[in-house]
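So the structure is just underneath, and the comments pick up after that.
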Amino acid sequence: MGEPAGRGAAGGHVLGVDSGGSGLRIAVARADDAEARPLASAASAEPVRTGPGGIDAEHLLAQLLPAAEELAREVGADGFTAVCVGAAGMASLGDELRARLPGALTAALGVRRLALAGDAVTAYAGALGQRPGAVVAAGTGMIALGTDLTPAGGWRRADGWGHLLGDCGGGAWIGRAGLEAALRAYDGRPGGSAALLASAEAVFGPVTGVPGILYPRADRPAVLASFAPEVGRRAAGEDAVALGILRAAAEHIADAAAAVCPPGEGTAVAWTGGLFGIGEPLLGPLRRALAEQLPGARPAAAAKSPLEGALTIAAALAGDRLRLPPDPKLLQITRPARG
């Protein structure tokens with residue numbers, strides 16, 4: 001027998017989920033829409049909790065299931081043919097999600113085709129679709145992901161190691177470098193920036209209080225990243241230290257892109273994420289760094305968001321058109337049993 005109406009590979013609706021540091025975003029699209037255009041969406045500003053067992057599956061489900069049911073009613077969907085859940089930390093912190101979500105989504109929504117993806121994978125799908133290439137995703141952190149779409153090649157990842165060990169060139173990295181330059185100026189040490197000192201005091205108050213504000217916070221990376229736009233603003237005003245920080249960030253981002261980019265003339269290299277809202281003070285150095293390190297590549301801004309990337313994966317999975325390589329950590333696929 002075939003699958004129930006609304007849940008077969010040929011039609012119905014699909015659901016995309018994007019879970020990150022700023023909350024949970026959910027959207028629905030037609031399963032047979034090759035562009036996977038969102039029909040309706042919902043969002044929660046509450047990030048999914050992370051506990052001793054990794055990403056908290058029950059907390060995610062408590063937000064996801066009511067929103068999914070409401071979206072289904074809104075668009076007249078009789079269940080979902082496929083779902084893609086993209087989550088920050090899926091590769092290293094997603095064991096509970098991988099164990100819990102397939103059964104829970106099947107029981108609650110009748111889902112039988114499920115993709116559990118790292119947020120870098122959904123960012124890749126949003127940026128490039130199902131083409132070979134490399135994508136850099138940068139917000140608070142920074143990670144690069146590349147693939148030639150072959151099973152043997154799989155996924156290549158660079159950085160994404162968190163603000164203490166990596167994420168070089170990301171928002172927290174830029175913010176920390178900017179605050180260091182502010183404190184250098186306060187101390188009278190070389191490498192300081194009076195402009196960044198003024199910005200730090202405008203944002204945080206007297207800079208002598210910044211360590212007390214920053215160090216006890218569980219969300220230190222986000223606090224550091226909140227200063228990155230100030231570095232961008234000072235760079236746009238031609239502050240030499242701020243310009244130097246963004247040039248160094250661009251080099252780090254290009255390093256990661258070069259590490260994962262498959263060989264070949266004209267290979268697509270895209271960037272996506274809130275960090276690039278800094279604009280030309282970062283994008284100009286990034287384009288130059290990519291031209292130096294990947295002279296044969298074709299750089300481009302992302303075509304779509306990570307949430308739209310999740311919809312792209314879900315629609316491709318629903319229609320048996322998924323070309324992105326499966327991976328036990330980065331892209332786990334659950335399909336219906338044949339028989």
Side-chain angles (χ1 to χ4, degrees), residues 3-4 6-7 9 12-29 31 41-73 77-125 143 155 157 160 162 218 306-307 309-318 322 324-338:
E3 293 178 353
R7 293 176 183 160
H13 294 80
V14 297
L15 195 72
V17 181
D18 177 37
S19 174
S22 59
L24 193 71
R25 290 159 292 278
I26 307 159
V28 61
S41 62
S44 166
E46 182 182 4
V48 175
R49 292 190 295 262
T50 300
I55 302 169
D56 188 330
E58 293 305 321
H59 190 220
L60 186 148
L61 288 166
Q63 297 186 65
L64 170 58
L65 294 180
E69 290 167 358
E70 177 58 34
L71 288 173
R73 285 191 291 270
D78 178 22
F80 296 103
T81 304
V83 174
C84 174
V85 177
M90 179 71 79
S92 55
L93 299 171
D95 286 349
E96 188 176 318
L97 296 187
R98 286 185 283 268
R100 179 83 177 86
L101 261 58
L105 293 177
T106 297
L109 302 175
V111 175
R112 296 181 64 197
R113 296 173 180 237
L114 173 66
L116 297 178
D119 60 336
V121 173
T122 53
Y124 185 102
I143 187 170
W155 293 100
R157 164 188 165 165
L307 178 57
L311 285 174
T312 296
I313 292 171
L317 181 59
L322 188 63
L324 298 176
D327 181 275
K329 295 290 188 181
L330 289 171
L331 183 58
Q332 176 183 295
I333 304 298
T334 301
R335 288 186 173 93
R338 302 290 182 182

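Quick note: residue numbers are just sequence positions, from 1.
Counting heavy atoms from C-beta on, the side chains of Val121 and Asp327 never come closer than 4.5 Å. Side-chain contact check for Asp119 versus Pro306: every heavy-atom pair is 4.5 Å or farther apart.
The salt bridge (charged side-chain N to carboxylate O under 4.0 Å, His left out) contacts involving residues 51-63 comprise Arg49-Asp56, Glu58-Arg100, where partners must be two or more places apart or lie in separate chains.
Taking all atoms of both residues into account, the shortest heavy-atom contact from Arg113 to Thr81 is CB-O, 3.6 Å. Across all non-hydrogen atoms, the minimal contact from Ala27 to Leu311 is O-CD2, 3.4 Å.
One finds the CG atom of Leu105 at 10.5 Å from the CZ atom of Phe80 (value rounded to the nearest 0.5 Å). To the nearest 0.5 angstrom, Ser19 atom OG is 11.5 Å from Leu307 atom CG. Note that NZ of Lys329 and CZ of Arg98 are 4.5 Å apart. Values are rounded to the nearest 0.5 Å. Once rounded to the nearest 0.5 Å, the distance linking CG of Leu101 with CD1 of Ile55 reads 10.0 Å.
Using a distance-only test at 3.5 Å, with no hydrogens or angles considered, no donor-acceptor pair links the side chain of Glu96 to the main chain of Gly54.
Under the salt bridge (Lys or Arg N to Asp or Glu O under 4.0 Å) criterion, Arg25 pairs with Asp18, not counting sequence neighbours. Checked against salt bridge (Lys or Arg N to Asp or Glu O under 4.0 Å), Glu70 has the following partners two or more places apart in sequence or in another chain: Arg73.
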